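Because only heavy atoms are used, hydrogens play no part in the values below, and waters and symmetry mates are left out as well, while side chains stay in. Treat the numbers as computed from the prediction; the structure is a model and nothing was measured.
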Protein chains: 2
Amino acid sequence: MRRRGPSIADVARLAGVSGQTVSRVANDRPNVDTTTRDRVLAAMREVGYRPNSAARALRNGQFRNIGVIVFELSSFGNTRTFNAVGQAATAAGYAINLIPLLDADQGKVTGAFTRLQEQAVDGIIILIEAHQLDEAEIHLPEGLPVVVVDSSAHYDYPIVDTDQAQGARIATEHLLDLGHSTVWHLGGPPTSFAATRRRRSWEETLAARGCPVPPLLVGDWSAASGYAVGRQLAADPAVTAVFAANDEMALGLLRALHEEGRSVPGDVSVVGFDDQESAAQFWPPLTTVRQFFPEVGRRAVEALIAELGAEEHHHRPVSVPTELVIRSSTAPPRVG
Amino acid sequence: MRRRGPSIADVARLAGVSGQTVSRVANDRPNVDTTTRDRVLAAMREVGYRPNSAARALRNGQFRNIGVIVFELSSFGNTRTFNAVGQAATAAGYAINLIPLLDADQGKVTGAFTRLQEQAVDGIIILIEAHQLDEAEIHLPEGLPVVVVDSSAHYDYPIVDTDQAQGARIATEHLLDLGHSTVWHLGGPPTSFAATRRRRSWEETLAARGCPVPPLLVGDWSAASGYAVGRQLAADPAVTAVFAANDEMALGLLRALHEEGRSVPGDVSVVGFDDQESAAQFWPPLTTVRQFFPEVGRRAVEALIAELGAEEHHHRPVSVPTELVIRSSTAPPRVG
DNA sequence: CCTAGACATGTTGACGTTAACAAGCTAGCG
DNA sequence: CGCTAGCTTGTTAACGTCAACATGTCTAGG
């Protein structure tokens, strides 16, 4: 069994001062004599004092703790955002509490649910598609500040997200500008708002340019699904330009095209979305839409802390723009 | 400012019972009359009661909280392990506290340090190369149970890790068994114990088979570094088999070989390490060593909880074996 | 020499929860 | 009818910290 660690009282006894003085030293307050401070510091070191954050949280009514709800950390975007949130929170003096939603077979709800039912966090950042919360039958406690990192506009929480629409637009326009007569789209799962946003923006961009809108192709974000769809696409010589909704699917697509002997970008141009580190090392190096995850994470934490501090808010959605990174997987269509 | 939520006292007042009875209901204790229980439950619902975990932690001297120290979540392995630890901890009723080590320019030490200086976690799982803790000048508080997920044997904490040596051995042997006269190695950074383990095992395996040991090639885990090294390798016709210390570097290596017109696996066979999801979609699909991250995470949490419970331990390192996944990037060498 | 004010230090109580103990009630049994 | 056993419910105190207030000490200025 764990024994309790030394408390303020132990330090106070050793240093021959009151607990309050120890508290003042621990919190770096002024109004403590230098000699006393040194004595207390020495005593702290001797007994190995560490403030008990539970007592602090109880006293202050704040946990300095942000809960992050996430389905799983497998996907690139989630991971990057989570990491960024962690960095930003730490820099702001908050700790991160991971609230993973377990798989159905492990009792989907329980984990996050029990955790949320307790007061242990000051606020929550939701990194999953918000509507999945409903499916999982998770009710967020009222009065707990929440920020959603997802472009769903259906929730009246503050929202921070990459500008999906702008990203899909510049990807599509890049291909059209190269001279392709239209652009095919390998979309993400329809349950994802990000995927839906990208798809809709792709459609709108084509429509605005007066280009025909080819049938939508659907994957599930995985490279394997990109490959599966790619096998079909590769057989169709009419396809000269594809915009994949993420880099992973683009990777599978590239493989399928290689297998079918279709050259990239000679026969087919491919654009991805994310700009994951390795996209520059795909074969050929992938032209893609770069997301600025650290910025998204930073803004999300910022928004939550703002929410924590004040009484009333008119929260305006924060949209972080993307940037097109042109590499070697796109080129003008072969003539004729 | 955040107002404090309703407490046991509020519920008790509304239900017309004592606080203790509310506590009993909240903790699902027996010895509460059904009628009373229902009344309390109703009152809880009405006021929106959520137990205050800080008060609980203070009372019980336990946080049900595991701190995870991690450098950054960018690398595939770290992420997967972190995710697995999160799932396992949640299943065991523990929450995860992320303790990111910030970059040098943000004040490397501070974040994790202050967090660790507070009692807020019952134990710690270290996901970084343990020796980096020294570099960051982080001192783990004494008496705090620690589990290290890293094969460094230099620390007397319980250790859980993938069996790096076995993984590197089966990778090397696979290539030799195909008939290659020797195997080149694209290693990870020398600061990494995992990289060192893999390298040493590669050397030993070659030596055991009486094969010459080619000069070591060094990358930094990134696909870009794999590409850089690959450019040199590709120029050397003597190279017919390469074992890369992770899949990312293998990806860069593949690109370099494609660029030089060396066919894979015709001219050069390549094996990776990790089996990240997309490895099956590389071009060509990558033969690689699969790590079982969920298992590693599960065992790490298990080890930590054991550590938490008992007084004294003789901790034996836990080694999780790997598995070779044969795909299309390896073949016998061209004859002649 | 006296007093106001600045500063150092101490005392008290409350944050919300629950273990330990105490008290009250009912049922069963000789 | 009296006594005990078993159950429900209540009271008290303590976990560690720190704001608020109280007290004590020293210095400067009239």
Under 4.0 Å between a side-chain N or O of A:N31 and OP1 or OP2 of C:dA8? yes
Side chain to side chain donor-acceptor pair (under 3.5 Å) pairs touching residues 30-40 of chain A, sequence neighbours excluded, are A:D33-A:T35
CZ of A:R50 to OG of A:S7, rounded to nearest 0.5 Å, is 13.0 Å
Between A:F293 and A:F76, is the gap from one ring center to the other below 6.0 Å? yes
Under the 3.5 angstrom rule, does the side chain of B:D122 hit a backbone N or O of B:R64 as a donor-acceptor pair? yes
B/S/- along nucleotides 14-23 of chain C (protein heavy atoms under 4.0 Å) is BBBBBBB---
Please report the end-to-end axis angle for the helix from C:dC1-D:dG30 to C:dG30-D:dC1, five pairs per end, rounded to 10 degrees. 50°
Considering non-hydrogen atoms only, spot the tightest contact between A:V147 and A:V160 and give its length. CG1-CG2, 4.2 Å
Nearest heavy-atom neighbours spanning B:G123 and B:L304: C-CD2, 3.9 Å
So, taking the atom named CD1 in A:I126 and the one named CD1 in A:I69, what distance separates them when rounded to the nearest 0.5 Å? 5.0 Å
Rounded to the nearest Å, what distance is computed from the CG atom of residue B:D33 to the P atom of nucleotide C:dT26? 12 Å
Establish, with yes or no, whether the OP1 or OP2 oxygen of C:dA8 is under 4.0 angstrom from a side-chain nitrogen or oxygen of A:T21. no
Taking side chain as C-beta onward, heavy atoms only, is A:L98 less than 4.5 Å from A:V70? yes
Are OP1 or OP2 of D:dT8 and a side-chain N or O of B:T36 less than 4.0 angstrom apart? no
